[in-house]
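Reading through the structure tokens given below for one structure.
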Amino acid sequence: RVDESMRSTICELSDDQARIKASWKRPQRTTIILREVKEGTTEDDIKNLLADTDYKVQSVRSDVGQTWFVTMSTEDDAKSALLHLIGKTLN
């Protein structure tokens, strides 16, 4: 039997307390990836796509190949913002 006094943030006892199992939780998916964004687009242009919402944008950054990463504060905000962006266009 496993000693219950052992506490860890990376593993935990099974329900029957006979085994150790990983206590892994899926990380939140908070990043929206925008691809093939028109060249010359600015960070403000991307932020303005969500300006009429209450979703909290944590960060916006461009990357290689006209790709932008928009990080939201929560997974729910990211899902809602993604649905909001469907059909939107820049400029």
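Basis for what follows: all heavy atoms, side chains included, without hydrogens, waters or symmetry-related copies. Just so it is clear, the model here is predicted, and its values are computed rather than measured.
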Is there side-chain contact between V57 and M72, with at least one heavy-atom pair below 4.5 Å?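 Sidechains of M72 and V57: in contact.
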Within a strict 4.5 Å, meaning less than it, do heavy atoms of the T30 and D77 side chains meet?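 T30 vs D77: side chains apart.
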Closest contact, heavy atoms only, A78 versus R29: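 What the structure gives for the nearest pair is CB-O, 3.8 Å.
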Atom of L50, atom of T53 and distance for their closest heavy-atom approach: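 Looking at all heavy atoms of both residues, the shortest contact is O-OG1, 2.7 Å.
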Given L82, V60, I46, T41, the one that forms side chain to side chain contact (heavy atoms under 4.5 Å, CB included) with L34: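 Only match with L34 under side chain to side chain contact (heavy atoms under 4.5 Å, CB included): I46.
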Does [X] have any side-chain hydrogen bond (donor to acceptor under 3.5 Å, both in side chains) partners at least two apart in sequence or in another chain, and if so, which?
{"X": "Q66", "result": "E39"}
{"X": "E43", "result": "K47"}
{"X": "T42", "result": "D45"}
{"X": "E75", "result": "R26"}

According to side-chain contact (heavy atoms from CB on, under 4.5 Å), who are the partners of [X], at least two apart in sequence or on a separate chain?
{"X": "L49", "value": "L85, K88, L90"}
{"X": "S59", "value": "T71"}
{"X": "S62", "value": "W68"}

Mind checking what makes salt bridge (Lys or Arg N to Asp or Glu O under 4.0 Å) contact with D54, not counting sequence neighbours?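 Salt bridge (Lys or Arg N to Asp or Glu O under 4.0 Å) list for D54, sorted by chain: empty.
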Please enumerate all residues that pass salt bridge (Lys or Arg N to Asp or Glu O under 4.0 Å) together with D76, with sequence neighbours excluded.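 Partners of D76 by the salt bridge (Lys or Arg N to Asp or Glu O under 4.0 Å) criterion come out as none, since no residue qualifies.
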Who else is in L83's hydrophobic cluster (ILVMFWY, side-chain heavy atoms under 4.5 Å, direct or via others)?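 Same cluster as L83: I86.
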Tell me whether the count of non-hydrogen atoms from other residues, nucleotides or ligands lying under 6.0 Å of CG in D15 goes above 12.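 Atom CG in D15 is not crowded, with 12 or fewer foreign heavy atoms closer than 6.0 Å.
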Sorted by first residue and then second, give each salt bridge (Lys or Arg N to Asp or Glu O under 4.0 Å) pair with at least one member in residues 62-73; sequence neighbours left out.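 For residues 62-73: R61-D63.
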